[in-house]
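One structure below.
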Number of protein chains: 2
Amino acid sequence: MELIKIYACLCDLTRLRLLNVLVQGPLCVCHFQEVLQEPQVKISKHLAYLRQRGLVQAERRGNWVIYALAPKPSRELKVNLACLQDCARENPVFKRDVARLKKIEPACAWVQAGEPAKAPGQYRCGC
Amino acid sequence: MELIKIYACLCDLTRLRLLNVLVQGPLCVCHFQEVLQEPQVKISKHLAYLRQRGLVQAERRGNWVIYALAPKPSRELKVNLACLQDCARENPVFKRDVARLKKIEPACAWVQAGEPAKAPGQYRCGC
DNA sequence: GATTCATATACTTATTAAGGAATACGAATT
DNA sequence: AATTCGTATTCCTTAATAAGTATATGAATC
């Protein structure tokens with residue numbers, strides 16, 4: 001059932017933080033590392049978990065792989081993501097993540113805007 | 001974190017069904033069996049799971065143990081239970097459960113109403 | 001006191017998950 | 001061609017979970 005899958009995705013703190021950040025817009029793995037302050041394997045594996053269950057999409061751009069919320073989310077998913085944001089607003093962990101995100105803004109916003117791939121040499125993280 | 005605990009409780013179908021039924025009012029294990037059509041062990045163990053995490057309360061009355069939603073739920077829990085109900089409204093599984101519940105209504109409503117223990121011989125299930 | 005009833009608790013087995021270390025992979029750079 | 005960079009995957013260990021069978025518990029009945 002769709003609902004179970006969603007809750008399974010939500011019952012891990014790292015994934016909760018990933019989703020909370022993703023709500024703001026697409027982001028590549030290296031930026032997730034910076035925002036969450038967690039090792040690459042951890043980030044990468046939890047993103048894979050979310051991707052396998054269809055909550056999240058990946059797109060390669062040069063060396064980067066940019067993750068975004070899946071388009072056309074089910075009603076259940078929409079409702080629960082809204083619910084998560086509601087709860088996350090007051091939580092120090094999530095607030096800190098968003099604060100760190102703001103610093104590197106607009107990180108990968110150009111992807112969402114549909115811009116073509118960047119010129120060579122533009123995919124350097126600087127983490 | 002409170003949120004993780006909540007989502008952990010929600011990521012199993014049996015527990016989701018239990019909670020969805022509990023929203024309607026207190027119920028004893030034997031009635032859960034009837035409503036969910038699941039074996040006693042399964043029901044009992046998942047209720048224990050919910051109780052250990054504070055989502056649910058138990059109270060013994062004769063042979064019966066009556067479960068109810070914990071009083072004074074956190075904001076996160078309230079929001080998520082509301083969200084669950086919202087999603088459950090259209091789902092055949094949950095709808096069927098509620099339908100079966102209606103048939104045995106008012107099952108354990110007298111507990112919520114604060115009534116004293118029933119007279120001897122009144123705790124026969126009839127399942 | 002023995003039995004029945006409703007519920008809970010081992011015990012077992014199988015599955016899934018999380019984390020870290022090391023390594024593989026694909027694309028870009030030198 | 002070799003290296004670097006960003007990311008994914010494999011392997012391993014450990015722990016948590018779910019489900020079923022059998023058994024225990026506690027209260028009420030006979």
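For the numbers below, each heavy atom of this structure counts, side chains included, while hydrogens, waters and symmetry mates do not. Naming: A, B, ... by sequence-line order, numbering from 1 per chain.
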B:N91 and B:N20, any side-chain heavy atoms less than 4.5 Å apart: no

Sugar-phosphate, base or nothing in reach of A:Y67, heavy atoms under 4.0 Å: sugar-phosphate

Rounded distance (Å) that lies between atom C1' of C:dA18 and atom CG of A:L50: 14 Å

N-O pairing of B:E76 and B:K78 below 4.0 Å: no

Interatomic distance, A:L27 CG vs D:dG6 C1' [rounded to whole Å]: 14 Å

A:K95/A:E90 ion pair, N-O < 4.0 Å: no

Main-chain N/O of A:D97 paired with A:R17 side-chain donor or acceptor, under 3.5 Å: no

Main-chain N/O of B:I6 paired to B:R53 side chain as donor or acceptor, under 3.5 Å: no

Nearest-Å distance for atom pair CD/C1', residues A:Q52 and C:dA17: 12 Å

Integer-rounded Å distance: D:dC5 C1' and A:Q33 CD: 12 Å

B:R51 NZ/CZ over B:Y49 ring centroid, <6.0 Å and within 45° of normal: no

Protein-to-nucleotide contact annotation, 5' to 3' order, nucleotides 9-21 of chain D [B base; S sugar-phosphate only; - none; under 4.0 Å, heavy atom]: BB------SSBBB

Least distance between heavy atoms, A:L77 atom then A:P73 atom: CD2-CB, 3.8 Å

Between the protein and nucleotides 24-26 of chain D, list the N/O to N/O atom pairs that are separated by less than 3.5 angstrom.
unit_1: D:dG26; atom_1: N2; unit_2: B:N63; atom_2: OD1; d: 3.1

Length of the CG-P vector between A:L47 and D:dT7, whole Å: 10 Å

Evaluation steps, salt bridge (Lys or Arg N to Asp or Glu O under 4.0 Å), between B:E34 and B:K103: CA-CA 10 Å; B:E34 219 181 331; B:K103 277 196 200 161; over 6 Å; no

